[in-house]
Amino acid sequence: MIRTHTAGSLRAEQVGEQVTLAGWVARRRDHGGVVFVDLRDASGVVQVVFREEDAHDLRVEYCIAVEGAVGKRPAGNENPALPTGEIEVTAAVLRILSTSAPLPFPLDDHVEVGEEARLRYRYLDLRRTGPARAMRIRSELNHLARNFLHERDFVEIETPTLTRSTPEGARDFLVPARLRPGSWYALPQSPQIFKQLLMVAGMERYFQIARCYRDEDFRADRQPEFTQLDIEMSFVTEDDVIELSEALVARVWMELAGHQVTRPFRRIPYPESMARYGTDKPDLRFGCELVDLTGYFTDTPFRVFRAAYVGAVVQPGGASQPRRTLDGWQDFARQRGGKGLAFVLVGDDGELGGPVAKNLSDAERSGLLAATGAEPGDAIFFAAGEPADARPLLGAVRLEIGRRGGLIDESQWAFCWVNDAPLFERTDRTDDVAVGSGRWTAVHHAFTSPNSDWIDRFEDDPEHALADAYDLVCNGNEIGGGSIRIHQAEVQRRVFAMMGLDAEQAQQKFGFLIDAFAYGPPPHGGIAMGWDRWAALLAGVESIREVVAFPKSGGGFDPLTGAPAPITPEQRKEAGVDARPKADPPG
RNA sequence: GGCCCCGUAGCGCAGCUGGUUAGCGCGUCGCCCUGUCACGGCGAAGGUCGCGGGUUCGAGUCCCGUCGGGGUCGCCA
């Protein structure tokens, strides 16, 4: 090594020692006769004092090596803000290892820099303490998970990234196969099929920190390539997967957030989650639960409330918000596909106001506070219609109430499971025709097992059949999801049939998995953790872009490399991109 | 794909109902400075106002289109 110590590790105990340091000029304070340089390396910063002429030429982010002596700072000159603030290094020899051009943006922790600039020069951005810390937290996270899973006898196995389309239902990224012009690889949307094959292979306990690829439109917390901690286990029930997952969460949150989680996590059946929170990923850090008023308004004179479902959310103190803000809620609802939001304002005297109030009967008005739990000074928002439309709208309103009102305790970690999800979903509601052509499609994916209550009779009532599936939720984020898989060929055949896939079509799409399942597949199940989101939560950042080393910006563009980029005619020819298939491919 | 917001010096931003020379802070460059720590002082350079078209005597400002970024709904587990 060309250095003897790291800058951030020096303390008063080293006073008097000769040291050689190497790092970057984080800041310099040139007083003419004396020059102070904050020397930064991965461990931190230390102040270096120069009294020689050559230090005047130093500029920010020059990479330098310094030989000198550690000394105690003169009395009164200590900097208590710095771990190394009691000491300084007086330089005897300065070597400039490399110089730096003027920076495109300041690498200063108190300066806000636009994301576009940061990503274009991510290698500079990552020199800053915040982004550097995020990378290190993610590394620790990986390390903890690997150790934990190895302790529990898991086998880390890499699965192919050049493969065949997997049945997740998103759009595939495709890679031309040079040796078979006209044929294409797909990048995996997840290692789903491979991990099940590994169970057939008798590996029993598999995990992988797996890169996954989905060619879908962008969202704040989405990247076209992202990472899952992928886990699959043989001979387990839902409880086993949940126990393992909770133990992992407990370990990770203890080590990285200093937080002791309370186990077991609450388990909320999917229907209850939709009824109380209007979402399948409830944020349990605050109340304001949805109130079902369908029964309350059965005989209402107000037409709008004579619906399959009427629900409400109470906004504490909402009665005093100005007209403009109330109009804003209407826009909020319309943006989410609602017609608007009915509301009632409860005056401080308990008197009901707002346009809806006069449409209600006297009895409805007098009992409304008791029915909704509202108090004087509150606002009550209503949505009426199909439960599948009205509840998510109220769920969104609930979240917004929490955010605007500062009702969410940001220091809290609220974990829960949402299970007992429906097995199927009507295709006419989702337009998802990726897997089959039937009226029903899998909510989770086609290999999710019906639970024990339904496994023999899901055909009788597909709408209400329940899956052996479970989602892990933290603070309103879905951070993991999994299921017990189907391991009996006959059950799989029946599930495919519900989705409109006959034996021949199933064979075409998933032939290799069905073939494998002919050879004594073990009962198995697993879970996939949204690893980028775990890292983002633990790092305390909003966007998963902050915990990806080189993230893509909107449109899948990489501002650093400029990818995707055009290819040359030669590459085009060689890759076989333009090869014409001989006939229409099957499926 | 729909809707909303943004694009002005290297970075972060201001620029009113259109008005003649487009500002501020940081950074950069030069000179000065022996105890600073987001050091300080004096001075200087730096702009196709994203791009194209239109309205107007006159456009950073208004209109249309387009590109890029962010958010959101659709999509996506």
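Below, all heavy atoms of this structure are taken into account, side chains as well, without hydrogens, waters or symmetry copies. Order of the sequence lines fixes the chain letters, A, B, ..., with proteins taken first and strands second; residue numbering starts at 1 for each chain. Here the structure is a predicted model, which is why all the values come from computation and not from measurement.
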Tell me which nucleotide among [options] gets nearest to the side chain of [X].
X        : options                : result
A/Arg336 : B/rC75, B/rG35, B/rU72 : B/rU72
A/Pro102 : B/rG68, B/rG35, B/rU28 : B/rU28
A/Asp217 : B/rC33, B/rA77, B/rG1  : B/rG1
A/Asp108 : B/rA38, B/rA77, B/rC11 : B/rA38
A/Phe557 : B/rA77, B/rG69, B/rG74 : B/rG69

Base, sugar-phosphate, or nothing for [X], non-hydrogen atoms under 4.0 angstrom?
X        : value
A/Gly85  : nothing
A/Pro104 : sugar-phosphate
A/Glu78  : base
A/Val443 : base
A/Glu542 : nothing
A/Asp471 : nothing
A/Arg171 : nothing

Atom [atom1] of [X] and atom [atom2] of [N]: how far apart are they, to the nearest Å?
X        : N      : atom1 : atom2 : answer
A/Asp280 : B/rC76 : CG    : C1'   : 13 Å
A/Glu116 : B/rG7  : CD    : P     : 13 Å
A/Arg28  : B/rG27 : CZ    : C1'   : 11 Å

Ignoring hydrogens and angles, state whether a donor on the side chain of [X] or [Y] is under 3.5 Å from an acceptor on the partner side chain.
X        : Y        : answer
A/Glu238 : A/Asn419 : yes
A/Gln321 : A/Gln315 : yes
A/Arg485 : A/Ser483 : yes
A/Tyr206 : A/Gln208 : yes
A/His5   : A/Gln14  : no

Taking atom types as they are modelled, is there a donor-acceptor pair under 3.5 Å from the base of B/rC37 to the side chain of A/Arg73? yes
For A/Phe496 and A/Phe510, I'd like to know if the aromatic rings sit close, meaning centre-to-centre distance below 6.0 Å. yes
Quick check, are the ring centers of A/Trp329 and A/Phe381 under 6.0 angstrom apart? yes
Below 4.0 angstrom, which residues in residues 393-406 of chain A have at least one non-hydrogen atom near RNA chain B? none
Among residues 43-61 of chain A, which contact RNA chain B at a heavy-atom distance under 4.0 Å? A/Gln47, A/Arg51, A/Arg59
With a 3.5 angstrom cut-off on both distances, give the Watson-Crick or G-U wobble partner of [N], or none if there isn't one.
N      : answer
B/rG23 : B/rC13
B/rA44 : B/rU28
B/rG68 : B/rC6
B/rA59 : none

[N], OP1 or OP2 - any side-chain N/O from [X] closer than 4.0 Å?
X        : N      : result
A/Arg214 : B/rC76 : no
A/Arg219 : B/rC73 : yes
A/Arg29  : B/rU36 : no
A/Asn77  : B/rU36 : yes
A/Arg545 : B/rG71 : yes

Give a yes/no verdict on base stacking between B/rC39 and A/His31: centres under 5.5 Å, planes within less than 30° of parallel. yes
Are A/Phe36 and the base of B/rU36 stacked, counting only ring centres nearer than 5.5 Å and planes tilted under 30°? yes
Distance check, C1' atoms only: B/rC76 and B/rU72, in whole angstrom units. 15 Å
Could [X] and [Y] be called an ion pair, given the rule that one side-chain N must be under 4.0 Å from one carboxylate O?
X        : Y        : value
A/Arg545 : A/Asp532 : no
A/Lys281 : A/Asp471 : no
A/Arg118 : A/Glu546 : yes

Between the CG atom in A/Leu560 and the NZ atom in A/Lys552, the distance rounded to the nearest 0.5 Å is 10.5 Å
